[in-house]
2 protein chains.
Amino acid sequence: MTQPPSTPAPAIAQDGPLPRQRRTYSIGELAKMFEVTTRTIRFYEQEGLLAPERRGQTRIYNEKDRVRLKLTLRGKRLGFSLAEIREVVMMYDAMPDGNRRQLRRLLEILADKRANLERQLEDIRLMQLELDDVERRARDVLASLGDQKD
Amino acid sequence: MTQPPSTPAPAIAQDGPLPRQRRTYSIGELAKMFEVTTRTIRFYEQEGLLAPERRGQTRIYNEKDRVRLKLTLRGKRLGFSLAEIREVVMMYDAMPDGNRRQLRRLLEILADKRANLERQLEDIRLMQLELDDVERRARDVLASLGDQKD
DNA sequence: GCCGAGGTTTACGTTAACGTAAAGTGCTTG
DNA sequence: CAAGCACTTTACGTTAACGTAAACCTCGGC
């Protein structure tokens with residue numbers, strides 16, 4: 001991904017105990033970092049959400065890959081499907097040389113996601129009120145149980 | 001949910017062309033009302049999220065059932081599993097005669113859900129910023145395409 | 001030289017949340 | 001009374017998003 005033509009990525013760059021500028025990650029590192037399994041990461045690649053470089057057979061993830069994974073997981077937490085996430089991600093990548101139709105389509109998708117987020121905000125607000133209510137009642141009952149034994 | 005002990009729910013109360021106080025619903029009505037299929041509603045019942053009365057074989061839903069369905073669907077939109085939703089719903093129902101342990105457990109669950117919602121709020125905020133960014137770039141590209149034809 | 005820690009592919013298994021089809025019941029309407 | 005419509009049960013099918021197992025490579029260290 002990283003388009004910036006710089007930094008040819010020195011093979012292992014073992015120049016200190018904690019290299020301050022870590023540019024690549026193994027699949028295992030990413031897995032721990034985000035608390036997912038390597039299977040998940042490979043699956044996301046298979047689904048077209050990631051496309052790490054290879055050193056021989058081994059996958060090498062760079063900073064951009066890491067960000068993508070982060071965004072993907074965030075999307076998942078918000079209930080988006082991998083297909084939806086891929087839609088935005090791919091459009092985004094194709095953007096620089098996209099034609100009008102594609103760009104307008106992208107804007108449509110974005111508006112759609114936005115509307116979705118707005119509804120989720122409202123849902124969260126309502127849900128919080130419900131939880132407030134349930135909790136208040138639960139505490140009341142607990143209090144009324146004040147001196148009984150169980 | 002609504003526990004208010006009142007209103008014994010008169011069987012059918014057919015007293016007008018458009019009974020202003022509709023207390024019961026058919027499965028089809030609820031399905032249209034919430035834009036889900038009847039299959040979905042029956043499935044939720046099977047999963048212990050609903051328990052409508054029966055008139056013979058037919059399911060009769062009252063106001064409380066309707067609210068439950070609404071809350072269930074809201075939970076779903078927020079990415080909760082049916083199992084999670086059921087957990088809260090069942091605890092809530094068992095509340096009045098719940099013992100301390102159950103009530104504390106309920107409070108735990110609520111705190112958990114709350115934390116979840118908080119993270120979702122943050123995720124939404126971040127996601128909105130991302131969308132802002134993507135949209136801005138897309139508009140820029142579109143503008144730069146100003147006079148080309150496609 | 002071999003061993004363990006990580007990486008890889010291939011492929012079948014699993015779970016949640018329904019979809020879909022078949023076959024039957026019950027009312028009411030022309 | 002036949003047709004139609006809404007409801008019912010039963011049961012197999014489907015999709016997304018991984019889990020899990022087997023069998024393999026490869027590299028640094030003892």
Side-chain angles (χ1 to χ4, degrees), chain A residues 11-14 17 22 24-62 65-66 68-90 116, chain B residues 11-12 14 17 22 24-62 65-66 68-90:
Chain A
I12 293 212
Q14 183 109 305
R22 249 297 209 68
T24 69
Y25 308 86
S26 75
I27 193 170
E29 287 175 313
L30 284 187
K32 282 194 181 173
M33 185 176 305
F34 292 108
E35 300 188 291
V36 297
T37 69
T38 59
R39 175 68 175 97
T40 297
I41 297 179
R42 291 198 194 93
F43 181 72
Y44 289 173
E45 175 177 348
Q46 177 182 324
E47 293 300 298
L49 288 167
L50 295 172
E53 294 169 32
R54 297 275 185 145
R55 260 176 68 87
Q57 198 175 216
T58 304
R59 292 168 173 82
I60 305 287
Y61 300 85
N62 59 29
D65 292 324
R66 196 185 59 79
R68 267 210 182 184
L69 179 54
K70 187 181 68 182
L71 295 181
T72 298
L73 294 173
R74 181 180 299 155
K76 281 235 61 189
R77 284 199 301 273
L78 292 177
F80 292 111
S81 73
L82 294 185
E84 292 177 302
I85 296 169
R86 180 180 42 201
E87 199 174 18
V88 174
V89 164
M90 289 180 65
N116 206 315
Chain B
I12 288 200
Q14 181 113 303
R22 251 292 209 74
T24 70
Y25 308 85
S26 76
I27 193 169
E29 287 175 314
L30 285 187
K32 283 192 182 177
M33 183 175 306
F34 291 108
E35 300 189 286
V36 296
T37 68
T38 58
R39 174 69 174 96
T40 296
I41 297 179
R42 290 197 194 96
F43 180 72
Y44 289 173
E45 175 176 350
Q46 177 181 325
E47 292 300 299
L49 289 167
L50 294 172
E53 293 169 33
R54 297 273 185 148
R55 261 176 66 89
Q57 200 177 215
T58 303
R59 292 168 174 83
I60 305 287
Y61 299 86
N62 58 30
D65 293 322
R66 196 185 59 80
R68 266 208 183 185
L69 178 53
K70 187 181 67 178
L71 295 180
T72 298
L73 293 174
R74 180 181 298 156
K76 280 235 62 191
R77 283 199 302 273
L78 292 177
F80 292 111
S81 73
L82 294 183
E84 291 177 303
I85 296 169
R86 178 179 45 202
E87 200 175 17
V88 174
V89 163
M90 289 181 66

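Given the structure is predicted, the values throughout are model-derived calculations rather than measurements. Lettering follows sequence order; numbering is per chain, from 1.
Put simply, CG on A:Leu82 is 18 Å from P on C:dA16, counting in whole angstrom units. Rounded to whole Å, atom P of D:dC5 lies 17 Å from atom CD of B:Glu29. The nearest whole Å value for the distance from the CG atom in B:Leu49 to the C1' atom in C:dC18 is 13 Å. D:dC7 atom P lies 10 Å from atom CD1 of B:Ile60, rounded to whole Å.
The side chain of B:Ser26 contributes no N or O atom lying less than 4.0 Å from OP1 or OP2 of D:dA6. When the side-chain nitrogen and oxygen atoms of B:Arg59 are compared with OP1 and OP2 of D:dC7, none of them lie within a distance under 4.0 Å. OP1 or OP2 of C:dG19 sits under 4.0 Å from a side-chain N or O of B:Thr37. Within the structure, a side-chain polar atom (N or O) of B:Lys76 is placed less than 4.0 Å from OP1 or OP2 of C:dC18. One finds a side-chain N or O of A:Arg54 lying less than 4.0 angstrom from the OP1 or OP2 phosphate oxygen of C:dT9.
Contacts between residues 39-47 of chain B and DNA chain C, defined by a heavy-atom separation below 4.0 Å, involve B:Arg39, B:Thr40, B:Phe43, B:Tyr44, listed by number.
Two residues are said to be in side-chain contact when any heavy atoms from C-beta on lie closer than 4.5 Å; B:Leu82 and B:Tyr44 meet this criterion.
B:Ser81 comes within 4.0 angstrom of the backbone, heavy atoms only, and of no base.
Summarising the geometry, atom CD1 belonging to A:Ile27 is positioned 4.0 Å from atom CZ belonging to A:Arg42; distances are rounded to the nearest 0.5 Å.
For the pairing with B:Glu45, the salt bridge (Lys or Arg N to Asp or Glu O under 4.0 Å) check across B:Arg86, B:Arg59, B:Arg39 returns one residue only, B:Arg59.
Remark: side-chain polar atoms of B:Glu35 are not paired, donor with acceptor, to backbone N or O of B:Lys32 under 3.5 angstrom. The main-chain N or O of A:Gln57 is found under 3.5 Å from a side-chain atom of A:Arg54 such that the two form a donor-acceptor pair.
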